[in-house]
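Below is one structure, written out as structure tokens; comments come after it.
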Amino acid sequence: MSEFNHREIEKKWQQVWEENQTYKVEIDHSKPKYYVLDMFPYPSGAGLHVGHPLGYIATDIYSRYKRLKGFNVLHPMGFDSFGLPAEQYAIQTGQHPAITTENNITTYISQLKKIGFCYDWSREVRTSDAKYYKWTQWIFMELFRSWYNKESDKAEPIETLYAKFEQNGTFDVKTVADDDVLSFTAEEWKGYSETEKYKISLKYRLTFLSDAVVNFCPALGMVLSNDEVKDGVSERGGYPVIQKKMQQWMMRITAYADRLISGLDLVDWSDSLKEQQKNWIGRSVGAMVKFALESNTDSKIEVFTTRVDTIYGVSFMVLAPEHELVASLTTPVQKENIENYIAETQKRSELDRVSDVRTVSGAFTGSYCVNPFSGEQVPIWIADYVLAGYGTGAVMGVPSGDQRDWNFATHFGLPIVQILDSQTDITTQADSTKEGNYVNSGMIDGLGYKEATTKLIAFMEENNIGKAKVNYRLRDAVFARQRYWGEPVPVFFSPPTPDGGGNLPYLIDEKDLPLVLPEVDKYLPTEDGEPPLGRADNWHYSSPNGGGGGLELSTMPGWAGSSWYWFRYMDAHNDQEFASKEAIDYWQNVDLYLGGTEHATGHLLYSRFWNKFLKDRGYVPQEEYAMKLINQGMIMGVSQLAYRLKLETTEKTDDDLFNIPGYAHEFYVDNRYKQVYYSADLIDYIKENYPNLEFSIIHIPIEYTDNNILDEDSLRYFRGRYENIAFVTRGGINALLKENENYFLETAHIHEPRSFKTVSLTEKMSKSKYNVVNPDTIVEKYGADTFRLYEMFLGPLTESKPWDTRGIEGTYRFIRKLWRLFYDQNGKYLVTDAEPTKEELKALHKTIKKVSEDIEDFSFNTSVSSFMICVNELSDLKCHKKVILEKLVVILSPYAPHVTEELWQILGNSDSITVQEFPIFDAKHLIEDSFEYPIQINGKVRVTLNFPADMTKEEIEKLVMENDLVLKWLEGATPKKVIVVPKRIVNVVI
RNA sequence: GCCCGGAUGGCGGAAUUGGUAGACGCGUUGGUCUCAAACACCAAUGAGGUUACACUCGUGCCGGUUCGACUCCGGCUCCGGGUACCA
């Protein structure tokens, strides 16, 4: 093949790879392993767009590079195939989500294969496949069978908890679960029935049922996680979300809060990502303090504070309106007041409460509690700035040290007490300093912050009025969704008994896994509000040990399947274990993980949690599963928008219309137009002068735009529907604004998140935004190699960047230029066996050096530049020498696998390029002889000299003088590199 | 508000980490080839200035350190992302 034809070359090699299973990988103890993982995609109906493959290309380059470096590389791909879009589609059309999903996956695979990735497709996983979710269910069961022992700081089988209860009762059992609630002795425990013991154990397991307040979305008929709710509406669809109490399966991720923080030290992730996770976990160290009620000293209000030291400055107590004690604390006099306030609060939507931070509101309950240190009387208020869901839902008000408390105190005329001598000006604002010594502070008067805190906590613990406590922002994760397209929860409920007992959750027998998702007639909730699984026939379990009951109707949330999938790739077809011990021992964990930053507080926390759990239970060896993580940036679609005059809503008489600028001329005088679009630079003018006109925003296909200027003629020519539209420019409006004839568009950058489950319903419509660039079209026209190079060339991997199709011509030219090192225009083979020259070797080795360094640093963009420079240099040198070209082709092969395989063969090699070794650069070809080649810039001659470390000052000076240069030394400098300028002054040394 | 990150030509972006700012590519302009186009090739392309050189200015803004600053330090402005009455 002497003619460059990317279509034939790519087809040929993709076929060869498939037939020979070139990229199939097996355990091979003779080689070091390397595991490269992409965050697997949710197969959306829209198929891949140009932004998706960015990360995949980067990992593919890295995988191929590592393979050439002698590693046994695991580089798999699969699909996170449970998810809402398929279910929504099923609700609308009645088509089974499995079918939609299957179709979408087929599209994805064919698109991915066209780009030439070196995945081992035999290891593909799909989370919605029963063979896969069998093990998701199994992990759920393991979590259910475990509790978190704070003493050993790991998860243990529930049996060890039973043993501890047997020995000591609740005494000495350190756990994170309900540890303050239950209290019994070993004797009492022994007296409990098995069912009672089981009931108690349910409170300690890592998956547990809880009456949680959840985000319920009536329109979607399901519960949403906090990250699925944005600004009080559902992230998908934007429907209203209300707070509702429901019994929910929960995951005790809070047990791992500390380890999720400390584990970050083990991994090579970006600081910003680590920071995000730390903030999300929100560890705050402080104390729990009990304030007894004045009316009933047995009853206490607990507050969490990070500043116990300010306890003597407490001048009021605030409860969340939802706090359970509010009703009993309210005195008859205040009853109406409080009830009004609560009603008021409930009326305000989440959005109002959040956006309206500044307004101070609250109500007095009429009751008082007692400051346990000063013995002072403290009035109890309620206010919506205190959140029921954080801490204890109660706050001690210290107006001198906290701005919100200060605002509250000032607004309601409560006293502001100075507690530190260093506090200044607390009459105008709070001062949260920790400096200075305490005043007005009883037992800590005169002390500093540290001693005071220690003393207070010791005192509280001694007198049982409080204790040191670490609080987290992180909540336990709701692990259930009231929807169909997810993993069924392998749990049944024992039948209720007449005395109100029963109805306890039990795991199904492990032998009955997978619990397969049943068929239903519709994918909507049932009439009485039960989840879709309520529609299934025989959704009931009969235990082989006798007994049984109705199966759980909720399914698992989207993140279940993605929280362990990297292990499945290690041994994708195992039906005895989630992955064999041998496979896990060999592959260990992921060396390089690449995906979008939007998973920072979702997937990347949950999956770390599951990994740690599996490690605790001895199934996997590593505390962290993703050693290096890179967040690739997004490729932004560019939308070009036009302003269309809304004739349908604009009041219009003929006179009005005639007065609209541009309109009269374009619409009336020239009768062919039916609509008017205004240039973006006119909008301000029109809005000012015709405030009653309304506009809608129209997407213009980007191929008819040149940046933000419309190519009106071709748009009209190629798109019939634009024929009747008048595009009004500044110049088109009388003579008033005659300064520009261009029709300007509004440019908008649209983020296209590449993700597991973040494909929103509205985003599906991006086809209609005319901003989607389909990779298939690009690959067809320019070839996969060009596409791969261009995506890398666009900019740094981790940055967001706008897509510009025009730029791809440059990389396309590069590939053709490369080809012409082998064949001339007439198809004549040019490659010779001649010895390379010094310059040729230098060009090659410079590139080898740069490219290896760049790949190690993930700077793929600059290495593409180096390739271009190298090929340009070799072209200029007319270098067609085999020894040079062979090495060039090998180092280029990770980036452009098809064309390099072809060229490799053309060079006379029978084996595949994949078995080659990545060339090592030879520094001797790079030595710069600066004296022979002075560089001339702007008429100045400057020379950079590199000296061996052992060269003395005198030797350097001699050298410089011999060459008619001037050199000035800096005091105390050690020569490493010298810049000299002839006959002028000199720069020196570092 | 708080926490991260960023700002370099018409555009995407380079700059060996303090040493010739603008690599590489796109776009634009001029030219060669062609009946013409496509492809390809050559040249120019930060701004001002000049016939051309010279020269001057120039990495968001103000100041500092240094022989030398896109790079380091102090103070701002704007943009992007995350998060939010978190006690």
Side-chain angles (χ1 to χ4, degrees), chain A residues 270-280 282-284 286-287 303-307 310 318 320 353-361 383-387 389-398 401-405 407-408 432 471-474 597-598 600-601 631 633-634 636 706-707 749 751 789-790 793-796 798-814 816-817 820 825 849-850 853 859 861-870 872 875 935-944 968-971 973 977-979 981 985-990:
Chain A
S270 74
D271 288 342
S272 83
L273 193 72
K274 287 183 178 182
E275 203 59 36
Q276 264 186 62
Q277 291 213 338
K278 280 180 193 160
N279 290 343
W280 189 263
R283 184 177 201 267
S284 52
V303 296
F304 175 74
T305 175
T306 53
R307 293 290 302 274
T310 63
V318 195
R353 274 176 79 163
V354 169
S355 58
D356 184 19
V357 186
R358 308 255 168 254
T359 314
V360 179
S361 69
D384 65 1
Y385 84 83
V386 178
L387 306 174
Y390 183 77
T392 60
V395 170
M396 59 184 215
V398 185
D402 183 284
Q403 192 57 43
R404 281 161 317 170
D405 293 347
N407 293 344
F408 194 83
S432 61
N471 219 3
Y472 301 93
R473 201 189 81 100
L474 183 72
T597 183
E598 65 273 16
T601 54
N631 290 123
M634 292 169 185
M636 292 185 295
D706 179 5
N707 287 321
H749 294 283
H751 289 264
L789 284 162
Y790 185 55
F793 183 67
L794 271 177
T798 53
E799 303 290 315
S800 291
K801 51 237 160 206
W803 175 263
D804 176 10
T805 303
R806 284 175 307 180
I808 202 169
E809 293 286 350
T811 42
Y812 190 49
R813 243 166 245 154
F814 159 72
R816 282 179 298 175
K817 218 165 180 176
R820 279 201 307 278
Q825 268 107 327
K849 180 168 189 277
K850 183 84 172 96
E853 285 168 1
S859 308
N861 53 329
T862 47
S863 52
V864 176
S865 300
S866 326
F867 285 126
M868 290 177 170
I869 294 167
C870 181
N872 282 340
S875 299
I935 317 150
Q936 181 129 18
I937 293 122
N938 294 341
K940 291 177 200 163
V941 182
R942 283 196 169 201
V943 186
T944 303
K968 188 180 116 195
W969 290 101
L970 260 188
E971 281 307 308
K977 187 173 183 182
V978 181
I979 293 176
V981 180
I985 307 187
V986 179
N987 299 323
V988 181
V989 195
I990 300 176

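Chain identifiers are assigned alphabetically (A, B, ...) following the order of the sequence lines, protein sequences preceding nucleic acid strands; residue numbering begins at 1 within each chain.
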Looking at A/R283, does any N or O in its side chain come under 4.0 Å of the phosphate oxygens OP1/OP2 on B/C86?
-> no

Whole-Å gap separating P (B/A14) and CG (A/L794) = 11 Å

With heavy atoms under 4.0 Å as the rule, sort A/S865 into base, sugar-phosphate or nothing.
-> base

Look at A/R816 and B/A40 and indicate whether a side-chain polar atom (N or O) is within less than 4.0 Å of OP1 or OP2.
-> yes

Whole-Å P distance, B/C62 and B/C78 = 16 Å

Length of the line joining A/I808:CD1 and B/G27:C1', which is rounded to integer Å | 16 Å

Give A/K817 one of three labels, base, sugar-phosphate or nothing, depending on what nucleic acid heavy atoms sit under 4.0 Å from its own.
-> sugar-phosphate

Is there a side-chain polar atom (N or O) of A/R806 under 4.0 Å from OP1 or OP2 of B/G25?
-> no

Measure across A/Q277 and A/A600 and return the closest heavy-atom pair with its distance rounded to 0.1 Å.
-> NE2-O, 2.8 Å

Of all the nucleotides listed (B/G12, B/C4, B/A40), which has the minimum atom distance to the side chain of A/K801?
-> B/G12

5'-most contact on RNA chain B: A/M868 or A/D405, nearest heavy atom basis?
-> A/M868

Given RNA chain B, 5'-ward residue of the pair A/Q825 and A/Y790, judged by closest heavy atom | A/Y790

As its Watson-Crick or G-U partner within any shown strand, both distances under 3.5 Å, B/C2 has B/G82

Phosphate-side-chain proximity, A/R473 and B/A84, N/O vs OP1/OP2 below 4.0 Å = yes

Provide, to the nearest angstrom, the distance between the CG atom belonging to A/N872 and the P atom belonging to B/A40.
-> 13 Å

Can a side chain N or O of A/R820 be found less than 4.0 Å away from OP1 or OP2 on B/A40?
-> no

Would you indicate, yes or no, if B/G5 has its OP1 or OP2 atom less than 4.0 angstrom from a side-chain nitrogen or oxygen of A/N631?
-> no

Expressed as a whole number of Å, how far does the C1' atom of B/C41 sit from that of B/A47?
-> 30 Å

Enclosure of A/K274 NZ (heavy-atom neighbours >12, cutoff 6.0 Å) = yes

When you measure from the side chain of A/K278 to the backbone N and O of A/R283, does any donor-acceptor pair fall under 3.5 Å?
-> no

Any side-chain heavy-atom pair from A/M868 and A/T811 closer than 4.5 angstrom?
-> yes

Return the value, rounded to whole Å, for the distance between atom OH of A/Y472 and atom C1' of B/U83.
-> 20 Å

A/E799 atom CD is separated from B/G13 atom P, nearest whole Å, by 7 Å

Shortest side-chain distance from A/P796, nucleotide among B/C3, B/A14, B/A40 = B/A14

Pairing partner of B/C55 (Watson-Crick or G-U wobble, both distances under 3.5 Å) | B/G48

Of the candidate nucleotides B/G27, B/A87, B/C3, which contains the atom at the shortest distance from the side chain of A/R813?
-> B/G27

Taking the side chain as C-beta and beyond, is there a heavy-atom pair between A/Q276 and A/T597 under 4.5 Å?
-> yes

Is there side-chain contact between A/D405 and A/Y385, with at least one heavy-atom pair below 4.5 Å?
-> yes

If you measure from the C1' atom in B/A43 to the same atom in B/G60, how many Å do you get, rounded?
-> 34 Å

Partner nucleotide, any strand, of B/C70 [Watson-Crick/G-U, under 3.5 Å] | none

Selected nucleotide, minimal atom distance to A/F793 side chain, candidates B/C26, B/G25, B/C86 | B/G25

Rounded to whole angstrom, note down the C1' distance from B/C2 over to B/C85.
-> 13 Å

Of the listed nucleotides B/C26, B/C24, B/A14, the one nearest the side chain of A/I869 = B/C24

Its glycosidic angle compared against 90° from 0, B/U8 adopts the form anti

Which whole-number value in Å describes the distance from A/K278 NZ to B/C86 C1'?
-> 18 Å

Closest nucleotide among B/A87, B/C24, B/C26 to the A/S284 side chain | B/A87

Grab the two heavy atoms, one from A/N631 and one from A/S270, that are nearest each other, plus how far apart they are.
-> OD1-OG, 4.3 Å

If pairing means Watson-Crick or G-U wobble with both distances under 3.5 Å, then the partner of B/C76 is B/G60

Base-pairing mate for B/C24 - Watson-Crick or G-U, with both contacts under 3.5 Å | B/G12

Test side chain to side chain contact (heavy atoms under 4.5 Å, CB included) on A/S859 and A/N861 and set out the steps.
-> CA-CA 5 Å; A/S859 308; A/N861 53 329; 4.1 Å; yes

Tell me which nucleotide among B/G12, B/A87, B/A14 gets nearest to the side chain of A/N861.
-> B/A14

Rounded P spacing from B/A44 to B/A23 in Å | 12 Å

Measure the distance from NZ on A/K850 to C1' on B/U16 and round it to the nearest whole Å.
-> 8 Å

Could you tell me which non-hydrogen atom of A/Y390 sits nearest to which non-hydrogen atom of A/R473, and how far apart they are?
-> CE1-CA, 3.9 Å

If you measure from the C1' atom in B/G46 to the same atom in B/G10, how many Å do you get, rounded?
-> 11 Å

If you measure from the P atom in B/C57 to the same atom in B/G5, how many Å do you get, rounded?
-> 34 Å

How would you label the contact of A/D271 with the nucleic acid (heavy atoms, under 4.0 Å): base, sugar-phosphate, or nothing?
-> nothing

Both distances under 3.5 Å, Watson-Crick or G-U wobble: report the partner of B/C41, or none.
-> B/G31

Can B/G64 be described as syn, meaning its chi torsion is within 90° of 0, or is it anti?
-> anti

Between B/C26 and B/C33, how far is it from one C1' atom to the other, in whole Å?
-> 24 Å

Between atom CH2 in A/W280 and atom P in B/G82, what is the gap in whole Å?
-> 11 Å

